[in-house]
Amino acid sequence: MAETGLEVTGLHVRYGPVRALRGVSLAVPPGGVVAVLGANGAGKTTLLRAISGTLRFHGGRVTAGTVSFQGRALTGAEPAAVVGRGVVQVPEGRRVFTRMTVAENLRAGAIGARGRTDAAAARERVFELFPILAERAHQRAGLLSGGEQQMLAIGRALMARPAVLLLDEPTLGLAPAMAARIAETIKEINAQGTSVLLVEQNAALALSLASHAYVLEVGEVTLSGPAAELASSDEVRRRYLGEV
Ligand code: ATP
């Protein structure tokens, strides 16, 4: 049987009376990079919360559908159990612990990692990807620039040695050069064997990284296909790539 990655099938999510997702299905194959595009409020963050098990902290719940990874259910799992299975979210807004040092932030990321963790080796790998974090290891995270905080947020997630990384708008608010560096790093992380589910408003960047993409509108997938096909679709170009 072919190895299965992350699969979301017919997912419905509500926040009280608000129906945030209405039957969303998508798949992230092992080793793949999959992008989810969509405007503000489309449900992108909700989708990641439903996968990572953090929905309950935001007053939401899955009312139908399933999430599974490697053929086993993840639906309703506790966030720590999801991390333990190798599915790790980098939250939106690069939420690092600003009063802790860079090194302490990374150490926090190793808690709950899969199997026998070699935290030192994981940290070396993070420092190779982001040398600036090694230079700033003993500085408070709050003193880092926005781009460096995003690097730290990704680095912290990598400490759990994810099989799948869930990235929520990693380039939001960053200058183009820094966004390009983050994009390069995502490529590198993927090349080292981690699958990526990338939620982005920057459609051009997301489509350049992904092999497959989905467009989410008001809680529903309205378009999906190979990223190159979506990038040349008139609708995507008009609505998400700012072309006329
Ligand atoms: P953004 O890019 O602004 O984060 P998004 O595509 O990630 O947008 P979500 O944040 O998932 O969208 O929001 C989807 C819908 O769910 C929106 O209608 C939003 O108002 C609603 N929503 C999100 N979080 C909550 C919450 N904690 N309580 C109630 N409604 C919420």
Side-chain angles (χ1 to χ4, degrees), residues 6-28 33-67 74-79 82 87-96 146-147 149-150 153-154 157 164-176 178-179 182-183 186 196-210 212-225 227 230-231 233 235-236 238-242:
L6 182 68
E7 307 231 359
V8 173
T9 310
L11 201 66
H12 287 254
V13 169
R14 301 182 80 110
Y15 297 99
V18 177
R19 295 177 63 199
L21 297 184
R22 309 156 188 244
V24 169
S25 297
L26 60 81
V28 183
V33 179
V34 169
V36 177
L37 316 178
N40 271 333
K44 305 181 301 296
T45 296
T46 299
L47 171 67
L48 296 189
R49 288 173 180 163
I51 297 169
S52 65
T54 55
L55 197 54
R56 68 196 76 187
F57 305 134
H58 301 275
R61 68 192 174 94
V62 172
T63 55
T66 58
V67 179
L74 271 189
T75 331
E78 293 289 335
V82 179
V87 178
V88 182
Q89 183 175 4
V90 179
E92 189 179 21
R94 37 187 180 271
R95 287 200 204 94
V96 295
Q149 289 190 15
Q150 182 62 62
I154 295 173
V164 184
L165 198 59
L166 310 174
L167 285 166
D168 197 347
E169 312 234 12
T171 69
L172 190 69
L174 300 183
M178 183 56 89
I182 297 288
I186 294 169
V196 176
L197 179 58
L198 171 66
V199 158
E200 260 296 345
Q201 282 196 37
N202 183 341
L205 181 137
L207 291 174
S208 74
L209 286 172
H212 206 88
Y214 296 80
V215 173
L216 203 55
E217 287 180 36
V218 217
E220 286 179 278
V221 173
T222 51
L223 261 180
S224 69
L230 260 70
S233 120
E235 194 185 340
V236 171
R238 189 164 35 81
R239 297 191 59 169
Y240 298 100
L241 297 173

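For ligands, and for the atoms within them, numbers begin at 1 and follow the listed sequence.
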What heavy-atom pair brings [X] and [Y] nearest, and what distance separates the two atoms?
X	Y	answer
Gly53	Val82	N-CG2, 4.4 Å
Ala39	Lys44	O-NZ, 2.9 Å
Ser224	Leu230	C-CD1, 3.6 Å

Looking at Gly10, is its backbone amide N or carbonyl O close enough to the side chain of Ser25 to form a donor-acceptor pair, meaning the two atoms are under 3.5 Å apart?
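Checking the backbone N and O of Gly10 against the side chain of Ser25, a donor-acceptor pair under 3.5 Å is found.
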Does Glu78 pair with Arg56 as a salt bridge, N-O distance under 4.0 Å?
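Between Arg56 and Glu78 there is a salt bridge, with a charged N closer than 4.0 Å to a carboxylate O.
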Atom CG of Leu223 and atom CD of Glu217: how far apart are they, to the nearest 0.5 Å?
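Output value for this atom pair is 7.5 Å.
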Please output the residues near ligand 1 using a strict heavy-atom distance under 4.0 Å, listed in chain and residue-number order.
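Those residues closer than 4.0 Å to ligand 1 by some heavy atom are Tyr15, Ala20, Ala39, Asn40, Gly41, Ala42, Gly43, Lys44, Thr45, Thr46, Arg49, His58, Glu92, Glu169, Gln201.
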